[in-house]
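Worksheet: one structure, shown below.
Small disclaimer: the values here were computed from a predicted structure and weren't measured. Letters A, B, ... mirror the listed sequences (proteins, then strands); counts begin at 1.
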Amino acid sequence: MPELNLTSAPAHLRHGSNIGQPLTRRDGVLKVKGQATYAADNHPPGMLFAVMAVSSIARGRVTSLDVAAAKRHPGVIDVMTPDHKPELAIDPEIKTNPFVFRMEVLQSNEVRYANQPIAVVIAETLEAATEGAALLAPHYETLPALIGLDAGESFVPPVVGVGNPTENHRGDVEAELASAEKRIDAVYETPPQYHNAMEPHAIVAAWNGDNLQIDMPTQGLMLSLARVAELFGIAHDKIHIRSPFLGGGFGSKGLMAGPPVLGIMAAKLVGKPVKLVLRREQMYGPVGHRAPTRQRLRIGTDGEGRLTALEHHARTVSSTFDDFYEPAADASHTLYAAPAIRTSHDAVRVNTGTPLFMRAPGEATGSIALESAIDEMAWACGVDPLAFRLKNYAEVEPITGKPFSSKALRACYEQGAARFGWAKRPLQPRQMRDDAGLLVGWGMGTATFPALMFQAEARAVLRRDGSGAMEIGAHDMGQGAWTALAQIAADELGLDIDRVEFKAGSSDLPDAGIAGGSAHTATAGAAIHSAGAAVIAKLADLATSDEKSPLFGAGNAGVIGRDGRLIRRDDESRGESYSEILARAGVAEIEARGTGAPNPAAMEEYAMHAHGAVFAEVKVDPELGQVRVTRMVGAFAAGRIVNPRMVQSQLFGGMIWGLSFALHEEAITDRRTGRIMNANLGEYHIPVNADVPPLDVITVDEHDPHVNALGIKGVGEIGITGSAGAVANAVWHATGVRVRRFPIRIEELLT
Amino acid sequence: MKQFDYVRPATVAEAVAAAAQPGAVYLAAGTNLLDLMKGGVSRPDRLVDVTHLDGLDQIERLADGGVRIGALVSNADLAHDADFAKAYPAVAEALLSGASAQLRNAATVGGNLLQRTRCAYFYDTASRCNKREVGSGCDARDGENRTHAVLGWSENCIATHPSDFCVPLVALDAIVEIEGRSGRREIALDDLHRLPGDTPERESALEPGDLIVAVRLPPAARGFAAHARYLKVRDRTSYAFAVVSAAAALRIENGKIAEARLALGGVAAKPWRARAAEDMLRDVPPTVDAFQEAASRALADAKPSGDNAFKIELARRIVVRALSLAAAGTPVRIPALPASPFASMSGAIHARA
């Protein structure tokens, strides 16, 4: 990344140290000036434009395409169809591992969902390719589409999420429910939602012989590379993927999807570099989404408002041809202590693109249902919702009985409630009005997300000129990896951040794993930590075994790398600079590699989760039903905070997404055709500035010695959990109307 | 996209001649047309760019006390014209409640009048739509139609006109000046948009080549300045089309309503003037009871076209609120959230239930 090298990182960005400092985004100026190169900004010489034609039916078969008409259009070079395409090395229907999803890359005429790619037109200009795609005028043999949560026979999937058991239980839920003092039984529905990253999926692919150069946003460089290698039958070292910046991913750019593969195929077909960018509406199909759910919660308590039973069942959908099951009910595993817990899932198959991870998959959908149900249960018991949650605080993970590696949720509740002013909340709904007569309601939700770790590797370098480098194929989706990981690198190398060349976002760097599961900073950070320690150890070997060094013989006492110097641990006045050590050794640089990985022993012993508490205030027009969130406070405990500024932004984003989940987002699906009728950012509503209130984020101190070497839990997804329920509960508290179908709409509140 | 001719006429007469050809359409800011073209919904052969025509971007105070707004005045320029906003506050408030700041900066007065419906089935070229393809059918009728029409619809079309701007304009008896092949003529804005009936593809009274050159507000429109509001309920606080909206304007003399104007948005294929309600409000005191009666008259003929019965009750409530707000008096400044229920309601006379 030439854009982010030693000289272009302004020194004034440094606030005195590295980890823990609120450095501004190191790539911020590039982005503001339009100089950050996103995939679609690349234009290799001779590049052509590819445009997908997509299906307007959800189920059936393409019977004809007017390829001749498309080819007659000026500027059109070729039309890729099931009958005219480069052969792949393996059948894309074969799942070579659980992280491989089936994709539609013109392997047949079958249509399995609306917006499925059915042809690709390649032309000299984007306009010509677009018109060529329109001229294909497909004809179809249409079959009745399977649509919605009641389509066809339901079944119990073998696993949900990423290999989670479909069912879990502890204790006897039915017996506890039967003997419960108070019970609720409620059904909640959440709609299909689409990731809608601002940057659409895009690829620029260029073949040079059997070498393949790819520019493409990806949250998993090496997973993508491996998938491309097996699909095209080429060696890993023949492929280079650059992904320095992503304009948002949210899970949709985690695994290789069909459209970028089509871009590579198109480039192969025409023998020239090809760019393929999805139109906004084409993102509603082949690149994943959050599946709809219908969740039933049955909860029982004793006479003191203590939970005795918690049952959470989720119905969801997958596609007709592959398996991903939103693990919504799993949200009930970790938060509330109950002697009997049962979670289960079932599913139906519908004509949709395969659902996928979307920011807090399972946790987000499950959280809004669970937090609504807990609120309903608290009301049924006549107990304040915060007091109810405290009464049912889980001291150990309820479903497993394991202790938590750390859990500062009580502090989150306390600090969040204090900041919000929760103590003044009336128990009864529809009690508060503002000066203008608007109904005012206060609601809360508990946030939780597992602290995950994947595997990563990094390479560290120390140079004679006093600089250093850290290389890792990490991914910046906007979350701030360029900044936060560089901060970790600087600390691990014992250098000022201005002296560290931090390289990321390219597949020729060490594998950083996947930027997902809120685990990227922890995982990549652990690899950087190891690599840094390894290279410092090498440098220490040079110095402590060199008679000319003031550190000679300090091996037993140990040395510390700090500010570009190695110093004796037991006598900090004795030391010398990295430059001096390397110069005397006559080497230009030394390097070392390190890895980061989960610790199975710790995982076996502890339950590892981040937690939080979100408090929301809404106002509702009493006659007109329009809702506006006017305040939100979120207090989160997520282990070590590498960069408070980036973390705050991540949590803001999550809280806004939670607001969006409760009040706005829904892919409106035509009940007859399965087409999505609001596949654009004008009509697929997300909050606009006027919908977003002042947000207040508190990060609660939490030291976790077990999750990983750096004590990082991750903040990418937790913000959406808790927040959605807090807003929904606030709407109830304002109006007295409990809406159980999300998003909450005006008509539900016209009482 | 489909290739098309692009012409930039020097005069209005040249423009009319160029646009009278089959397959030709006018291009102003293109905030709607270009999206339609990108989506393959509209596939014109020729764009006649009128943005360089002289003399169409003026706001003129007329000697008779009216105002004449050139068709190329931008929504933002009009809304932010202090004299205009003072004289026609509900129009300014409606303009500022529409779209986004970026779109308002680009979009023009003439284009706003002629924007197409936001019916998803009109935009989805795989769906049947009688507007888009004559006689093909209406997939909205049994489709996802929560936001569709509750007044003036037919079995052939249940789409709504999405404009905010047109709602107070039609309430204030705006006149549209049109240049056509046979010269200049003018019609009431209320006669510009057509209800679907059996010909939903015919959306306006315009003939081929007709160019809207100006919108005029008659002298009487100024008389409502002290009591005029626009209220718009939507699914998010900004950048959303109205679920239902209303413009209410009153002339209050000696504690009674001398004259009322009321129009609804988001309920029909045209901005919906509620004359029966206006008549009922003449010479009565501005009370909530009177407004409720007016609301029930305004919606007397309403019927759901699908999953949208709620819009009828919502419209009644919006009418009562908009009239109440108007009666309370036009605020000195347009609220920070124009036309929103979350604009300050202090001073409103509606009951705090």
Side-chain angles (χ1 to χ4, degrees), chain A residues 55-57 73-75 114 126-128 130-131 133-135 138 140 279 281 433-438 619-630 660 663-664 666 668-673 675-683 685-692 743 745-748 750, chain B residues 1-3 35 38-40 43 99-101 103 118-121 123-127 139-140 142-147 231-241 243-244 307-311 313-314 316-318 320-321 324 336-337 340-348 350-353:
Chain A
S55 167
S56 61
I57 66 164
H73 188 72
L126 175 62
E127 291 77 9
T130 303
E131 182 62 11
L135 292 170
Y140 303 97
R279 294 164 63 101
E281 66 270 22
R433 299 246 179 176
D434 72 1
D435 291 344
L438 294 165
K619 294 191 177 180
V620 183
D621 188 295
E623 288 104 27
L624 306 180
Q626 197 172 317
V627 180
R628 190 162 185 243
V629 179
T630 46
S660 187
L663 300 182
H664 297 303
E666 175 174 17
I668 297 167
T669 310
D670 183 273
R671 62 195 84 169
R672 302 154 300 179
T673 64
R675 280 199 299 280
I676 293 164
M677 302 310 296
N678 60 341
N680 62 74
L681 287 181
E683 313 287 336
H685 281 185
I686 57 170
V688 297
N689 284 333
D691 294 301
V692 180
R745 295 228 180 261
I746 286 164
E747 52 265 42
E748 312 269 10
L750 293 180
Chain B
M1 61 208 295
K2 181 187 168 189
Q3 295 197 355
D35 277 353
K38 289 177 194 169
R43 292 174 64 82
S100 65
L103 285 166
R118 293 286 159 172
C119 173
Y121 295 90
Y123 282 77
D124 175 30
T125 55
S127 291
D139 275 340
D142 296 313
E144 307 308 314
N145 47 24
R146 166 180 177 267
T147 59
L231 178 66
K232 175 181 178 183
V233 167
R234 51 206 127 161
D235 286 323
R236 62 182 167 192
T237 309
S238 184
Y239 191 47
F241 294 99
V243 177
V244 180
D307 297 331
N308 57 0
F310 79 95
K311 285 181 69 168
E313 174 60 19
L314 179 60
R316 285 192 198 102
R317 296 183 187 191
I318 288 173
V320 174
R321 178 73 64 80
S324 302
L337 294 172
S340 169
F342 298 103
S344 167
M345 296 198 297
S346 54
H350 78 282
R352 290 190 184 176

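Among Asp691(A), Asp434(A), Asp435(A), the single residue meeting the salt bridge (Lys or Arg N to Asp or Glu O under 4.0 Å) criterion with Lys619(A) is Asp434(A).
Between Asp621(A) and Arg317(B) no salt bridge is recorded (no basic side-chain N to carboxylate O distance below 4.0 Å).
When heavy atoms are compared at a cutoff of 4.5 Å, Ile318(B) approaches chain A by way of both its backbone and its side chain. His685(A) touches chain B through backbone and side chain together, each having a heavy atom under 4.5 Å away. Contacts between Leu624(A) and chain B at a heavy-atom distance below 4.5 Å involve backbone atoms as well as side-chain atoms. Interface residue Asp124(B): only side-chain heavy atoms are found under 4.5 Å from chain A. For chain B, the nearby parts of Arg628(A) are the backbone and the side chain; heavy atoms of each come within less than 4.5 Å. Using a 4.5 Å cut-off between heavy atoms, Asp139(B) touches chain A through backbone and side chain atoms alike. With a 4.5 Å cut-off on non-hydrogen atoms, Arg234(B) touches chain A through its backbone and its side chain both. Neither the backbone nor the side chain of Ile57(A) comes within less than 4.5 Å of any heavy atom in chain B. The contact between Leu681(A) and chain B is made entirely by backbone atoms, counting heavy-atom distances below 4.5 Å. Residue Glu281(A): no heavy atom, backbone or side chain, is found under 4.5 Å from chain B. Neither the backbone nor the side chain of Thr125(B) comes within contact range of chain A; no heavy atom of the residue lies under 4.5 Å from a heavy atom of that chain. Residue contact with chain B, scored on non-hydrogen atoms closer than 4.5 Å, is absent for Thr673(A). Using a 4.5 Å cut-off between heavy atoms, Glu144(B) touches chain A through backbone and side chain atoms alike.
Remark: Ala336(B) pairs with no residue by the side-chain contact (heavy atoms from CB on, under 4.5 Å) rule, at least two apart or across chains. Checked against side-chain hydrogen bond (donor to acceptor under 3.5 Å, both in side chains), Lys38(B) has no partners two or more places apart in sequence or in another chain.
Looking only at heavy-atom pairs under 4.5 Å with chain A, the residue among Ala99(B), Ala120(B), Gly40(B), Ala126(B) that has the most is Ala126(B). Comparing Arg118(B), Gln3(B), Glu313(B) by heavy-atom pairs within less than 4.5 Å of chain A, the highest count is held by Gln3(B). Per-residue counts of heavy-atom pairs under 4.5 Å with chain A were compared for Leu337(B), Leu231(B), Asp35(B), Val233(B); the largest is that of Val233(B).
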Going through the distances and angles, do Tyr121(B) and Asp670(A) end up as a side chain to side chain donor-acceptor pair (under 3.5 Å)?
CA-CA 10 Å; Tyr121(B) 295 90; Asp670(A) 183 273; 2.5 Å; yes

